[in-house]
Amino acid sequence: MDHRIARPVRALLTALALPALAAAPATPAGVCKGTIYLTFDTGSQSQAELIADTLKRHHIKATFFLANEKTVRGDYSLDPSWSGYWKARVAEGHAFGSHTFDHDVLAGEKDGQFRVKPGFGASAGKLRSLTPDQYCDEIKRVDRRFVELTGAHLDPLWRAPAGRTSPRTVAAAKACGYAHVGWAPAGFSGDELSSTAYPNPVLLQKSLRDLRSGDIFVAHMGIWSRKEAWAPANLELLISGLEQKGFCFATLREHPDYSSLFKPR
């Protein structure tokens with residue numbers, strides 16, 4: 001780590017009542033005591049550049065799950081205006097999955113169809129019914145757009161918005177080539193929660209204390225509702241703290257539950 005960053009990071013870790021971690025020497029290069037899988041879902045995109053810069057500085061590959069969400073720039077995260085951003089992440093070797101095109105949150109099932117509430121698109125905020133094939137197409141729409149933006153396909157992975165699935169939605173997605181990815185209980189960043197009730201230092205302490213090797217961690221690329229954004233305060237400290245504990249990082253292409261989906265690269 002850059003010494004200009006290391007000193008304030010260690011100071012903040014000490015201030016967060018993690019003195020043993022703050023004083024611990026970094027694990028020697030190339031030696032891993034375990035692996036953490038960082039994943040990021042699209043959101044307001046207010047933290048998109050910070051996330052990319054932080055991962056690049058630490059030489060970390062992560063997995064991104066994409067939906068076409070409204071951003072702080074007034075556009076949408078899969079608009080052509082984001083082509084350069086996603087192309088750069090492809091070139092860096094990150095992995096990518098679908099988060100459904102319109103961020104379709106599962107609300108239930110009725111008459112063999114899935115009841116969903118899209119966050120965006122023509123039916124935003126309204127319940128609509130999708131057949132299994134239509135639900136699968138909402139997953140695949142992201143891949144089609146990603147190819148238009150970057151020339152690359154998504155990986156065969158998807159994450160249900162809000163993490164809401166049913167056995168039938170998971171089966172429908174599997175039938176069209178996508179495996180569902182959730183997250184570990186310890187891997188919930190809490191960045192969607194109230195920053196008054198769940199301040200950033202509390203969330204950071206929980207993550208550093210509870211994350212274990214093999215855990216999938218989830219955060220967003222910006223949350224509209226959280227007053228004190230998670231990423232600027234916590235991402236650097238989380239990565240540095242986990243590195244000091246001896247953890248390495250990888251994409252879901254290397255995760256034992258999903259690696260069989262990928263051909264050797």
Side-chain angles (χ1 to χ4, degrees), residues 37-56 60-106 116-126 128 130 135-164 173 178 180-183 188-192 216-226 229-232 234-235 251-252:
Y37 301 87
L38 298 180
T39 70
F40 297 92
D41 296 353
T42 48
S44 71
Q45 302 300 92
S46 61
Q47 309 306 316
E49 294 296 345
L50 181 146
I51 290 168
D53 291 346
T54 304
L55 294 176
K56 187 174 183 179
I60 288 172
K61 304 296 187 294
T63 304
F64 294 85
F65 288 92
L66 282 57
N68 193 38
E69 303 193 48
K70 188 174 182 179
T71 83
V72 292
R73 302 193 323 201
D75 56 6
Y76 288 82
S77 53
L78 295 178
D79 278 351
S81 51
W82 283 88
S83 175
Y85 181 87
W86 296 121
K87 280 183 178 178
R89 306 292 78 78
V90 170
E92 289 164 356
H94 299 288
F96 304 89
S98 177
H99 201 34
T100 74
F101 195 86
D102 287 333
H103 199 268
D104 296 293
V105 178
L106 183 67
V116 302
K117 182 177 284 189
F120 306 93
S123 300
K126 302 175 183 178
R128 64 172 178 163
L130 300 176
Y135 190 82
C136 187
D137 192 60
E138 277 297 294
I139 295 172
K140 295 195 294 185
R141 282 179 70 193
V142 181
D143 179 66
R144 294 195 294 269
R145 179 64 63 84
F146 197 64
V147 171
E148 292 174 3
L149 296 179
T150 69
H153 283 281
L154 298 179
D155 294 295
L157 305 170
W158 74 290
R159 171 172 288 156
R164 295 183 187 175
Y178 290 84
H180 186 259
V181 178
W183 53 85
F188 176 57
S189 66
D191 64 354
E192 297 175 275
I216 298 172
F217 180 87
V218 59
H220 293 79
M221 302 178 75
I223 292 291
W224 291 96
S225 60
R226 188 172 173 86
W230 176 87
N234 280 9
L235 182 58
T251 74
L252 292 174

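The figures here come from the full heavy-atom set of this structure, side chains too, leaving out hydrogens, waters and symmetry mates.
- Using cut-offs of 30° and 60° for the angle between ring planes, the Trp158 and Tyr135 rings count as perpendicular.
- Contact detail for Val105 and Ala162: the closest heavy-atom pair is CG1-CB, 4.2 Å.
- Annotation: side chain of Ile51 is in contact with side chain of Phe40 (closest heavy-atom distance under 4.5 Å).
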Pair Arg144-Asp137, side chain to side chain contact (heavy atoms under 4.5 Å, CB included): steps then yes or no = CA-CA 10 Å; Arg144 294 195 294 269; Asp137 192 60; 3.1 Å; yes
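- For the pair Arg73 and Trp82, the cation sits on the ring face: its NZ or CZ lies under 6.0 Å from the ring centre, inside 45° of the axis.
- Among all heavy-atom pairs drawn from Thr251 and Gly93, the shortest one is CG2-O, 4.1 Å.
- To the nearest 0.5 Å, atom CD1 of residue Ile216 and atom OG1 of residue Thr63 are 8.5 Å apart.
- Lys61 NZ: more than 12 foreign heavy atoms inside a 6.0 Å radius.
- For Tyr178 (side chain) and Ser98 (main-chain N/O), no donor-acceptor pair under 3.5 Å exists by modelled atom type.
- Of the possible donor and acceptor atoms, one in the side chain of His94 sits under 3.5 Å from a partner among the backbone N and O of Ala62.
- A donor-acceptor pair is defined here as one N or O able to donate and one able to accept, closer than 3.5 Å; no such pair exists between the side chain of Glu92 and the backbone of Val90.
- Checked by atom type and distance alone, the side chain of Ser77 pairs as donor or acceptor with a backbone atom of Glu69 at under 3.5 Å.
- Across Trp230 and Asp191, no two heavy atoms sit closer than the pair CB-CB, 3.5 Å.
- Of all heavy-atom pairs between Tyr76 and Asn68, the closest is CB-OD1, 3.3 Å.
- The heavy-atom pair separating Asp104 from Arg128 by the smallest distance is OD1-NH2, 3.3 Å.
- Looking at every heavy atom in both residues, Ile139 comes nearest to Ala173 through CD1-CB, 3.6 Å.
- The distance from atom CG of Asp41 to atom CZ of Arg159, rounded to the nearest 0.5 Å, is 4.5 Å.
- Rounded to the nearest 0.5 Å, atoms CD (Glu49) and OG1 (Thr54) are 10.5 Å apart.
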